[in-house]
Colleague: 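First the structure, then my questions, so here it is.
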Amino acid sequence: MTGKITFTMIKPSAFQAGYTGNILAKIEEGGYKIKAMKKISLTKEQAGHFYEMHIGKPFYEDLTTFMSSGPIIAAILEHDNAVESFRKFIGATDPAKAEEGTIRKLYGKNLSENAVHGSDSDESAERESGFFFSLIERT
Ligand code: CMP
């Protein structure tokens with residue numbers, strides 16, 4: 001049984017470049033319903049906590065520095081088979097390998113500055129949603 005929610009972030013570079021409106025429009029046109037959403041700035045420590053499963057990987061330091069470099073948009077999205085479908089929808093992690101027309105192809109620059117985050121499992125979607133939103137904010 002697959003879950004109905006996934007979690008996404010519009011990353012600092014895409015927010016800074018003014019792509020938020022286009023990215024959100026594309027997400028809604030794709031049939032994803034916004035269940036919760038906020039603009040927020042992460043500290044380096046908070047970004048480190050969010051990405052704690054990547055501690056020890058070569059990109060962890062740069063990733064957490066980047067994710068705390070400016071405001072982001074955090075959102076919970078609802079859709080059937082949300083996690084898998086959204087990962088396909090946004091394109092491959094590396095924008096250079098993402099399919100034409102996907103958000104990462106259109107708005108991503110490189111592996112770190114890949115425009116948006118998408119949860120990689122139902123468990124991650126729950127954990128990540130709970131990281132940013134209280135119960136009352138997600139109903
Ligand atoms: P995201 O979906 O936010 O989840 C983890 C992030 O790590 C990923 O997107 C990339 O932006 C970033 N990252 C940087 N380098 C790598 C790499 N070599 N492999 C996977 N993810 C990477």
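Everything quoted here is computed from the prediction, not taken from an experiment. Counting convention: from 1, in listed order, for ligands and their atoms alike. Nothing fancy with the numbering, it's 1 onward along the sequence.
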Colleague: Taking K88 first and then E84, would you say they form a salt bridge - that is, a charged N and a carboxylate O separated by under 4.0 Å?
Modeller: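 Salt bridge flag = yes for E84 with K88.
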Colleague: I'd like the name of whichever of D120, T93, L63, D94 reaches closest to atom 12 (C) of ligand 1 through any heavy atom.
Modeller: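 Ranked by closest heavy atom to atom 12 (C) of ligand 1, first place is L63.
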Colleague: At what distance is the nearest protein heavy atom to atom 21 (N) of ligand 1, and which residue and atom is it?
Modeller: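 Going by distance alone, atom 21 (N) of ligand 1 is nearest to F59 CZ, 3.8 Å.
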Colleague: One thing to verify: whether R87 and E99 come together as a salt bridge, which I'm taking to mean a side-chain N less than 4.0 angstrom from a carboxylate O.
Modeller: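 Salt bridge between E99 and R87, a charged N being under 4.0 Å from a carboxylate O: no.
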Colleague: Would you mind checking which non-hydrogen protein atom is closest to atom 11 (O) of ligand 1, with the distance to 0.1 Å?
Modeller: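 Atom 11 (O) of ligand 1 sits closest to the protein heavy atom L111 O, 2.5 Å.
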Colleague: Just to be sure I'm reading this right: ignoring hydrogens, which of E113, K57, H54, R104 gets closest to atom 5 (C) of ligand 1? Compare them by their nearest heavy atoms.
Modeller: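 Checking each option, the heavy atom nearest atom 5 (C) of ligand 1 is found in H54.
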Colleague: Give the other cluster members for L135, using side-chain heavy-atom distances under 4.5 Å between Ile, Leu, Val, Met, Phe, Trp and Tyr residues; answer none if it is isolated.
Modeller: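 Members other than L135 - counting any ILVMFWY side chain reachable under 4.5 Å - there are none.
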Colleague: Is a salt bridge present between K35 and E78, judged by a nitrogen-to-oxygen distance below 4.0 Å?
Modeller: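 Result for this pair is yes, salt bridge flagged.
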Colleague: Where is the nearest protein heavy atom to atom 1 (P) of ligand 1: which residue, which atom, and how far?
Modeller: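 Residue, atom and distance for the closest contact: H117 ND1, 3.3 Å.
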Colleague: Show me the donor-acceptor pairs within less than 3.5 Å that the side chains of residues 48-59 make with the rest of the protein, sequence neighbours left out.
Modeller:
unit_1 : atom_1 : unit_2 : atom_2 : d
H54    : ND1    : K57    : NZ     : 3.0

